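Step one of this worksheet: look at the structure below.
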Amino acid sequence: IVRHSGSFLLGHESGHSIARPAACGGRVPPQRTVLGETSAVPMHREGAIMKKKILVVGGGGREHAIIKALKKSPDCGEIWCAPGNGGISYDAKCKNIKSTDVDTMVGFAVEEKFDYVVVAQDDPLALGMVDALAAVGIPAFGPDKAAARIEASKVFSKDLMKKYGIPTAKYETFDDPAKVMEYIKAEGKYPVVIKADGLALGKGVLICENEQQAADGVKEIMLDKKFGASGNHVVVEEFLTGPEVSVLSFTDGKVVKPMVSSMDHKRANDHDTGLNTGGMGTVAPNPYYTPAVAERCMQEIFLPTVAAMQAEGCPFKGCLYFGLMLTPDGPKVIEYNCRFGDPETQVVLPLLESDLLKIMAACTEGTLADTEVKFSEGAACCVILASGGYPVSYEKGKPISGLTNGQLEGESSITVYHSGTALREDGTLVTNGGRVLGVTATADTLPEALKKAYAATESIHFDKLHKRSDIGARALAAMQ
């Protein structure tokens, strides 16, 4: 597996994206990146070293993983999370502001004089939080509102891929429910995929096995408005087959540096049965993502996407997530996300050896070509501990036992990321969401990481705990 991410630069001379290797290999000498020199925000001094006061926007397992990684940086000073959650409060100060309340969040950032803000969630990115922060002189990690459309609008992203020849499933877009069914009947191919246009918590995608299921799906999204205004437009696309791969990447709008690949497990129950969820566990690296596949994705998908966004006048800066399917016809894009995936982040960032804060600052400032992005040769596995009944209905407020200050004591290679936890006034940690905890283990090999992660889950208890017992089984089978 390729681990030291080579970066590629887009050449502008001819208007085409020419891939040419940028500085790679060799340790980059430590250098201080001064953020936002136009900013009125002062650096926070500790002794002679200037540390950055950082705010992370969001409140789940992904944000916890980002905070844990940022805290390893020598440049990281005081760290806050808004809204955060009970378990995150062991690692950061939490402020209960809704992540979608852009005005209040920006006001808080100004008041507290943050040096840097990491906008980790899709909704505030789509609402233009990065633009609003820039307007008050606070640099942030994440795309602006125009670039966040790559996830916020399925129609925008599919049209972008069609225009720039980026491989994806055959599709059509509709705003009339009757025309959707006419098209599906005329195509006559099942399963067929129906996607709500806007953001729907990762759940606005239906895979329909027959005409009746398709009709029910169209009714649910477009007429019953299960996902609200997200369902005003839908994308209908062909069903692709092959192994799925998630690749998160850092980009400053010109250069793209992929992170280690991962494999998600979306279904609620073992053997990929049950309802679709936000993700029940992940492993990294993904064994299907070989060096040859990685190179092909770089040339046919990653670089063309970054170049396309630039050509459209909305360069993408931040974390660009590529949801890929390795079809018999080669790799194709299933979806883009405009931010770190959850729970992919919980296996990718524990393997990052470079300084995350320095990398994020380089994405913001356009200096990623000169910044080291290096991952360890090892493997990671994350097993999600969920509330019984997730993703439909579940109870909250169940006391969690087995953790000390949110972690398993004495386990250096195990990290517990908090997705949905709360702290009661008496200090009791309780469940407060569908996905409650992500238990991540790192090891030299994937089989070891799986074994360690599952052993660790046995030490954590709460009433009606639900977990899958087969996270990583597909990856192990692929390695045989």
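Please read these numbers as outputs of a predicted model, since none were measured by experiment.
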Run the salt bridge (charged side-chain N to carboxylate O under 4.0 Å, His left out) test on Lys452 and Glu411 for me, step by step, so that the C-alpha distance in whole Å, both residues' side-chain angles and the decisive distance to 0.1 Å come before the verdict.
CA-CA 10 Å; Lys452 281 164 74 172; Glu411 294 282 3; over 6 Å; no
Side chain to side chain contact (heavy atoms under 4.5 Å, CB included) between Glu344 and Met263, intermediate numbers included:
CA-CA 8 Å; Glu344 290 89 351; Met263 182 187 284; over 6 Å; no
Checking the side chain of [X] only, and the main-chain atoms of [Y] only, is there a donor and an acceptor separated by less than 3.5 Å?
{"X": "Ser73", "Y": "Ala69", "answer": "no"}
{"X": "His64", "Y": "His418", "answer": "yes"}
{"X": "Glu151", "Y": "Asn337", "answer": "no"}
{"X": "Thr282", "Y": "Pro343", "answer": "yes"}
{"X": "Lys257", "Y": "Ser249", "answer": "no"}
{"X": "Thr327", "Y": "Gly330", "answer": "yes"}
{"X": "Glu448", "Y": "Leu446", "answer": "no"}
{"X": "Asp252", "Y": "Cys363", "answer": "no"}
{"X": "Thr251", "Y": "Val255", "answer": "yes"}
{"X": "Thr290", "Y": "Val293", "answer": "yes"}

Flag side-chain contact, heavy atom, 4.5 Å: [X] against [Y]:
{"X": "Arg424", "Y": "Val430", "value": "yes"}
{"X": "Phe340", "Y": "Glu63", "value": "no"}
{"X": "Leu320", "Y": "Met309", "value": "no"}
{"X": "Phe141", "Y": "Val117", "value": "no"}

Between [X] and [Y], is there a side-chain N and carboxylate O pair less than 4.0 Å apart?
{"X": "Lys71", "Y": "Asp91", "result": "yes"}
{"X": "Lys266", "Y": "Glu244", "result": "no"}
{"X": "Glu372", "Y": "Lys358", "result": "no"}

Is it the case that the side chains of [Y] and [X] hold a donor-acceptor pair, with the cut-off being a distance below 3.5 Å and no angle test?
{"X": "Ser99", "Y": "Gln121", "result": "yes"}
{"X": "Thr364", "Y": "Lys317", "result": "no"}
{"X": "Tyr417", "Y": "Thr345", "result": "no"}
{"X": "Tyr171", "Y": "Asp159", "result": "yes"}

Determine whether more than 12 heavy atoms belonging to other residues, nucleotides or ligands lie under 6.0 Å from atom NZ of Lys226.
no
Quick check on Lys98: does its NZ atom have over 12 non-hydrogen neighbours (other residues, nucleotides or ligands) under 6.0 Å away?
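It does not: Lys98 NZ has 12 such atoms or fewer within range.
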With rounding to the nearest 0.5 angstrom, report the [atom1] to [atom2] distance, [X] to [Y].
{"X": "Leu55", "Y": "Lys113", "atom1": "CG", "atom2": "NZ", "value": "15.0 Å"}
{"X": "Glu409", "Y": "Leu403", "atom1": "CD", "atom2": "CG", "value": "10.0 Å"}
{"X": "Ser157", "Y": "Asp197", "atom1": "OG", "atom2": "CG", "value": "8.5 Å"}
{"X": "Leu385", "Y": "Ser419", "atom1": "CG", "atom2": "OG", "value": "9.0 Å"}

Evaluate Tyr164 against Glu312 for side chain to side chain contact (heavy atoms under 4.5 Å, CB included), listing each step before the verdict.
CA-CA 10 Å; Tyr164 291 93; Glu312 289 295 309; 2.5 Å; yes
Identify the heavy atoms of Gly59 and Pro83 that sit nearest to each other, and give their distance.
N-CD, 4.3 Å
Salt bridge (charged side-chain N to carboxylate O under 4.0 Å, His left out) for Lys145 and Asp131? Distances and angles first, verdict last.
CA-CA 7 Å; Lys145 186 175 183 175; Asp131 311 61; over 6 Å; no
When you measure from the centre of the six-membered ring of Phe156, is the NZ or CZ of Arg149 under 6.0 Å away and within 45° of the axis?
yes
Is the cationic atom of Lys53 (NZ for Lys, CZ for Arg) positioned less than 6.0 Å from the six-membered ring centroid of Phe114 and within 45 degrees of its normal?
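Judged by the rule (NZ or CZ under 6.0 Å from the ring centre, within 45° of its axis), Lys53 counts as positioned above Phe114.
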I need the single residue from Ile400, Ile384, Val383 that forms a side-chain contact (heavy atoms from CB on, under 4.5 Å) with Leu437. Which is it?
Ile400
Under the side chain to side chain contact (heavy atoms under 4.5 Å, CB included) rule, what do Val333 and Ile301 come out as? Steps first, then yes or no, please.
CA-CA 8 Å; Val333 177; Ile301 295 171; 3.5 Å; yes
Does the plane of the ring in Phe322 sit parallel, tilted or perpendicular to the ring in Phe302? Use 30° and 60° as the thresholds.
tilted
Walk me through it: do Thr421 and Thr431 pass the test side chain to side chain contact (heavy atoms under 4.5 Å, CB included)?
CA-CA 5 Å; Thr421 62; Thr431 67; over 6 Å; no
